[in-house]
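Below is one structure; the comments refer to it alone.
In what follows, chains are A, B, ... by sequence order, proteins preceding strands, each numbered from 1.
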2 protein chains.
Amino acid sequence: MTEPKSDVPAHGPARRRVVPAIALESGLTEQEQARLSAIGRVQRYAKGATILDAEGEPAMLASVLDGFVKLQKTRLDGRRQIVGLLVPGEMIGQVYGARPDFESEAATDVMLRTFDRRRFRTLLDDIPRLEHNVLASLLHEFEAAREWMMLVSGHSVTERFAGFLLLLCRRWPESCCSVSADGRNAMVRLPVSRADLAQYLGTTVESISRAVQQHVRDGVLGMRSASQFEVLDFPELIARSGHEAPPPA
Amino acid sequence: MTEPKSDVPAHGPARRRVVPAIALESGLTEQEQARLSAIGRVQRYAKGATILDAEGEPAMLASVLDGFVKLQKTRLDGRRQIVGLLVPGEMIGQVYGARPDFESEAATDVMLRTFDRRRFRTLLDDIPRLEHNVLASLLHEFEAAREWMMLVSGHSVTERFAGFLLLLCRRWPESCCSVSADGRNAMVRLPVSRADLAQYLGTTVESISRAVQQHVRDGVLGMRSASQFEVLDFPELIARSGHEAPPPA
DNA sequence: CGCCTAATTGACCTCCCTCAACGCGGGTGG
DNA sequence: CCACCCGCGTTGAGGGAGGTCAATTAGGCG
């Protein structure tokens with residue numbers, strides 16, 4: 001259960017966990033689960049919808065059930081800086097700190113479980129195991145934040161795009177499909193537009209396009225459609241991302 | 001105690017907390033503190049020393065007592081990418097996850113309290129309050145990571161350098177001194193070399209130098225020595241960092 | 001006083017951001 | 001059924017920020 005044993009070689013065979021399925025409920029008694037459910041509501045947001053405003057009171061907490069959510073901050077000049085992409089299992093909103101911090105926006109259609117922040121904290125005091133689960137979720141998010149940092153600080157756009165594809169495979173394997181036996185190639189579907197991608201990677205649509213075509217020309221990627229790629233050479237793609245290869249164990 | 005009431009207006013009067021002094025011991029009983037002390041050892045590392053290797057077994061955990069520690073990852077091309085700077089109160093090493101993840105290196109001379117990881121986790125199960133403190137420390141680190149991300153993704157080098165100075169004042173006020181009454185100017189001491197700074201900001205020593213001279217020419221900064229700056233115009237420096245102004249409350 | 005390292009400055013060149021044009025598909029209305 | 005349009009992706013030309021290499025200057029220490 002902690003190792004979903006996916007057949008997707010999230011760059012390289014079986015790296016890390018794939019979809020964490022960190023659930024707030026795990027390990028809770030029936031009664032505790034009931035208390036948690038009592039204050040939670042499942043809500044859906046359409047792609048592009050703002051979930052939490054940076055200014056608004058952070059009265060809500062939410063756990064991502066499906067889809068992904070971008071965390072961003074608006075700069076003085078109006079540009080939006082993405083600081084992270086939340087995948088299922090991660091939490092939106094400051095559980096402890098009161099500061100609103102970042103805006104969260106639905107990057108795709110998403111499904112959330114929302115909680116009243118005050119009530120959730122009460123529960124947190126009552127149920128140590130819940131605090132433990134929150135901590136686990138937080139750690140996961142933390143790790144993701146560092147990965148994200150490695151990604152956006154990759155130097156060339158080509159590098160960042162390669163890194164993004166790999167990140168996608170590793171953290172969101174459902175958008176990756178049909179990997180060949182030798183693990184050298186796979187199909188990847190980009191769930192976002194070029195414009196979004198440009199924003200994520202801190203660049204422009206034009207540069208994204210050029211980076212993609214570069215990879216295609218070099219035979220690392222094949223393109224079925226604008227959002228459907230075939231990875232033709234995994235090792236080369238990894239090399240181009242500039243990151244460490246996964247532990248060859 | 002949680003509000004050290006520093007007279008340093010960490011860019012703008014009294015923003016957030018200044019030095020958190022998050023201690024693992026806080027709120028523990030005498031006996032619990034004794035158990036914690038029993039497995040901890042105070043250790044010193046000279047500037048530049050490697051504390052934890054990315055490859056080595058993560059058998060050790062540590063809490064930073066003094067100085068600061070850089071978290072970094074080595075890229076394929078040998079360049080080192082800094083993903084964070086740990087200040088006193090924060091923890092090194094994965095408390096839960098087993099993955100070594102990042103190398104940690106002493107950015108200045110540092111003093112740590114180190115723990116055997118296995119024993120620490122045992123303690124964690126026994127003392128819920130300790131887990132709570134770890135969580136608090138982690139949250140702090142998390143927040144710092146996002147701030148760091150905002151910093152390094154600032155677009156021009158000039159912007160990033162301005163942001164770094166402000167971050168330094170906010171998170172490490174001891175390196176900032178003698179702020180004038182109106183809060184417009186202050187002395188700031190850079191605790192690191194240009195080479196380190198370049199690494200932190202993802203750029204080169206030359207570009208750092210040019211950025212500094214730019215600020216000096218424009219009258220935003222004065223330079224007493226290579227590592228001693230006088231902030232002549234705080235508001236302008238903040239504006240140049242490209243970040244939101246601190247809440248003007 | 002001479003050495004060594006850190007910091008600065010200059011010249012050059014690459015990458016990518018900007019502005020602009022163009023191709024393509026999918027709708028809608030005639 | 002076809003013409004048109006509009007959003008999206010791609011391509012091209014030009015310029016600016018900054019990385020790279022190299023030379024010069026300023027500080028610390030024997």
Side-chain angles (χ1 to χ4, degrees), chain A residues 47-48 75 77-82 107-108 151-165 188-218 221-230 240-242, chain B residues 47-48 75 77-82 107-108 151-165 188-218 221-230 240-242:
Chain A
K47 170 171 180 167
R75 290 184 158 253
D77 58 11
R79 300 175 62 126
R80 301 194 152 183
Q81 178 61 50
I82 303 254
T108 60
L151 182 66
V152 297
S153 56
H155 293 83
S156 73
V157 173
T158 317
E159 216 169 310
R160 293 204 290 268
F161 179 78
F164 185 81
L165 275 190
V188 184
R189 195 182 60 83
L190 270 188
V192 295
S193 71
R194 293 287 194 276
D196 284 332
L197 199 51
Q199 196 192 349
Y200 302 159
L201 302 185
T203 181
T204 61
V205 283
E206 295 92 332
S207 294
I208 293 285
S209 187
R210 283 184 248 269
V212 170
Q213 303 304 324
Q214 179 73 42
H215 287 306
V216 170
R217 268 197 303 281
D218 300 349
L221 290 180
M223 231 175 57
R224 296 292 172 86
S225 78
S227 63
Q228 196 79 11
F229 295 93
E230 184 175 1
R240 288 181 176 216
S241 78
Chain B
K47 171 171 179 166
R75 291 186 157 253
D77 58 12
R79 301 176 61 126
R80 300 193 154 184
Q81 178 61 49
I82 302 255
T108 60
L151 182 67
V152 297
S153 57
H155 290 82
S156 74
V157 173
T158 317
E159 217 170 312
R160 295 204 289 268
F161 179 78
F164 184 81
L165 276 190
V188 183
R189 195 182 61 82
L190 271 188
V192 295
S193 72
R194 294 287 194 275
D196 284 332
L197 199 52
Q199 196 191 352
Y200 301 158
L201 301 185
T203 181
T204 60
V205 282
E206 295 92 332
S207 294
I208 293 285
S209 188
R210 283 184 250 269
V212 169
Q213 303 304 324
Q214 179 73 41
H215 287 305
V216 171
R217 268 197 305 280
D218 299 349
L221 290 180
M223 231 175 60
R224 296 291 173 88
S225 79
S227 64
Q228 196 79 12
F229 296 93
E230 183 175 2
R240 289 182 176 216
S241 78

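- Considering all non-hydrogen atoms of both residues, A:Tyr200 and A:Val152 come closest at O-CG1, 3.6 Å.
- Within the 3.5 Å criterion, the main-chain N or O of A:Leu201 finds a donor-acceptor partner in the side chain of A:Arg160.
- Side-chain atoms of B:Gln214 and B:Arg217 form a donor-acceptor pair, as typed in the model, at a separation below 3.5 Å.
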Identify all pairs in which a protein N or O lies below 3.5 Å from an N or O of nucleotides 24-30 of chain D, and state each distance.
none

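- If you take CG on A:Leu151 and CD on B:Gln81, they are separated by 11.0 Å, rounding to the nearest 0.5 Å.
- In terms of heavy-atom proximity, B:Phe229 sits nearest to B:Val212 at CE2-CG1, 3.6 Å.
- Considering every non-hydrogen atom in both B:Leu221 and B:Phe161, the closest pair reads CD1-CE2, 3.8 Å.
- In this structure, B:Glu159 atom CD and C:dC17 atom C1' are separated by 15 Å, rounded to whole Å.
- For A:Val205 against A:Ala198, the heavy-atom pair with the smallest separation is N-CB, 3.6 Å.
- Heavy atoms of B:Thr203 sit under 4.0 angstrom from primed sugar atoms or phosphate atoms, though from no base atom.
- With hydrogens and angles left out, the side chain of B:Arg210 and the base of C:dG10 share a donor-acceptor pair within 3.5 Å.
- The distance from atom OG1 of B:Thr203 to atom NE2 of A:His155, rounded to the nearest 0.5 Å, is 8.5 Å.
- Donor-acceptor pairing under 3.5 Å, judged by distance alone, is absent between the side chain of A:Arg217 and the base of D:dT11.
- Residue A:Leu190 contributes atom CG, which lies 14 Å from atom C1' of D:dC8 at whole-angstrom precision.
- Closest approach of A:Thr158 to A:Ala211, counting heavy atoms only: CA-CB, 3.9 Å.
- Residue A:Thr204 places at least one side-chain N or O under 4.0 Å from the OP1 or OP2 atom of C:dC17.
- Remark: C1' of D:dC8 and CG of A:Leu197 are 14 Å apart, rounded to the nearest angstrom.
- Between the C1' atom of C:dT14 and the CD atom of A:Gln214 lies a distance of 14 Å, rounded to the nearest Å.
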Please tabulate, one pair per line, each protein N/O and nucleotide N/O from nucleotides 4-8 of chain C that are separated by under 3.5 Å, including the distance.
from, atom 1, to, atom 2, distance (Å)
C:dA7, OP2, B:Arg194, N, 3.2
C:dT8, OP1, B:Arg194, NH2, 3.1
C:dT8, OP1, B:Gln213, NE2, 3.2
C:dT8, OP2, B:Arg194, NE, 2.8
C:dT8, OP2, B:Ser209, OG, 3.2
C:dT8, O5', B:Ser209, OG, 3.0

